[in-house]
Amino acid sequence: MTATKGLEGIVAATTSVSSIVDGVLTYRGYDIDDLADNATFEEVVYLLWYGSLPSHSELAQLKAELSASAAVPAPVIDILRLFPANTPTMAVLRTAVSSLALYDPEAEDMSKEANLHKAIRLQAQIPTIIAAFTRLREGNAPVSPKEGASIAENFLYMLTGVDPDPVAVKALDKALVLHADHELNASTFAGRVTVATLSDIYSGVTSAVGALKGPLHGGANEAVMNMLEEIGSIDHIDDYIRGKLDRREKLMGFGHRVYKGGDPRAKHLQKMSYELGKSTGNLKWYDMSVKIEGLVTGLKGLRPNVDFYSASVYTTLGIPRDLFTPIFAISRCSGWTAHILEQYENNRIIRPRAEYVGQADQKYIPVDFR
Ligand code: ACO
C-alpha cells in the first residue's frame, strides 16, 4: 500500500452536482461563466439541490421557504452573546451551526424530505448567525431578517439594519454564485465523509465549516487581504513578493490543486474588483492585486485562485475582513448540502487506508522498566 499525499488525483466519489473538466467548472452541466453572468444565487441553490433551473413558481417557492426559515432559534442567538468578541467568526460559525441541530425537531429525521428542510434552514440561517455575531461583538442588537429579501440583500441588511446599495447586493450575489460549489473540494469532502457514517446533515455541515476555515482553503481570502495590507503600497510589492518566494513561503490566493492553467472564477472576481474600485474611486487594492498577479505568474507560473480577487471585492464593499470566509460558507452551504443529499442517496461509508510508516515489532515493556 502506497499513500498518495493529499489524495492528489484520487477519484473518491461520483457526483452529478458539479464538475471540473479541462479547467472548466460546471454546476449540473452549466458553465460557471454562464451562471455568473446570468443566474441569481437562489437559482443556483435550486439548481444544486434539485438538479435543474427553477421555473418562476419553483423559484418563488424556494425564496419564500428560505425567507421563512431565516430567523435563528433564540437560544442560538443567546449563545452567540457568550462568545468572546475577538473570536474568529468562522470559529463562531462552526459552533453555532452545530448548535442549530439542538433546536431542530427534525435533526435526527433522516428522511429525504426532512433533510431538504434542514438544507433550507442551514442555507437561510448561516447568514443570520454571521450577521448577528458581527453586530453583537460591536455591542449592537441583532437585526431580524428582512422578509422577502434575497440572501445577498438580507445578509447586507442584517449587518447594518439599513437597506443596502443595489450595486453591493448584485456584487455579493455574483460572488455567492461563483463560490457555490466546486466538486470534491476539501470542505465538501469533509462533509461527505461525516454523513457517509449516516450522521446527520448538521454534523456534515459543521465538519465542512471547520475544513473551510483553514488558510489553504476558504481562509485564504482573509489571508490575501492581510497580505495586501502588510505590503501597504504598490511600490513595496516587488521586494515583498520576491522575498516570500525566495524564502519558499506560500502566497495566499495563488495556486490550486486542480487548476494549473487558471481558476475560471478568478476573472469574474477580478472584473468585479475593478468595477467596484472604479465606482468607489478607490482602485488601490485592485491595482496592487493586478501587479502582484503579474509578478507571481511571471516568476513562479502560479495563477490566482477564487480567493485572490475576492479579498479586494469584499474590502471595497466595506465588509469586515473576518467575514470573508464566512461569506464563502454562506455560498458553499448550497454545495455542501447538495453533496450531502447526494451522498445519502447512494451511500457507502468512506473509509480509506493508510500506509503505515511507524515502528514495527515493538514488545510491551512494563512501565517500571521503560
Ligand atoms: N505560493 C507559493 N508557492 C506555491 C503556492 C503558493 N500559493 N501554491 C503552490 N506553490 C508551489 C509549492 O510550493 C510547490 O512547489 P515545489 O514543488 O517547488 O515544492 C508547488 O507549487 C506545488 O504546490 P502544492 O502546495 O504541492 O500544491 P497543492 O495542490 O498541494 O496545494 C494549494 C494547493 C493548497 C491551493 C496551494 O496552491 C496553496 O497553498 N495556495 C495558497 C493558499 C490558497 O490560496 N488556498 C486557496 C485555494 S482555493 C480554495 O480552496 C477555495
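We count ligands from 1, going down the list as the structure has it; atoms in each ligand are counted the same way.
- Through direct or indirect side-chain contacts shorter than 4.5 Å among Ile, Leu, Val, Met, Phe, Trp and Tyr, L7 is connected to I10, L184, F189, V193, I350.
- Separation of the H182 and H256 ring centroids falls under the 6.0 Å cut-off.
- The protein residues lying under 4.0 angstrom from ligand 1, judged by non-hydrogen atoms, are P215, L216, H217, A220, R248, E249, K250, L251, M252, G253, F254, G255, H256, R257, K300, L302, N305, V306, D307, F328.
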(request) May I have the step-by-step check of salt bridge (Lys or Arg N to Asp or Glu O under 4.0 Å) for K267 and D33, ending in yes or no? (result) CA-CA 10 Å; K267 62 181 178 294; D33 290 343; 3.0 Å; yes
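- The other members of the hydrophobic cluster of M158, by chain and number, are V143, Y157 (side-chain heavy atoms under 4.5 Å, ILVMFWY only).
- Using a cut-off of 4.0 Å between Lys/Arg side-chain N and Asp/Glu carboxylate O, E249 and K244 are scored as salt-bridged.
- Taking Ile, Leu, Val, Met, Phe, Trp and Tyr as members and joining any whose side-chain heavy atoms lie under 4.5 Å apart, directly or through other members, V357 forms no hydrophobic cluster with any other residue.
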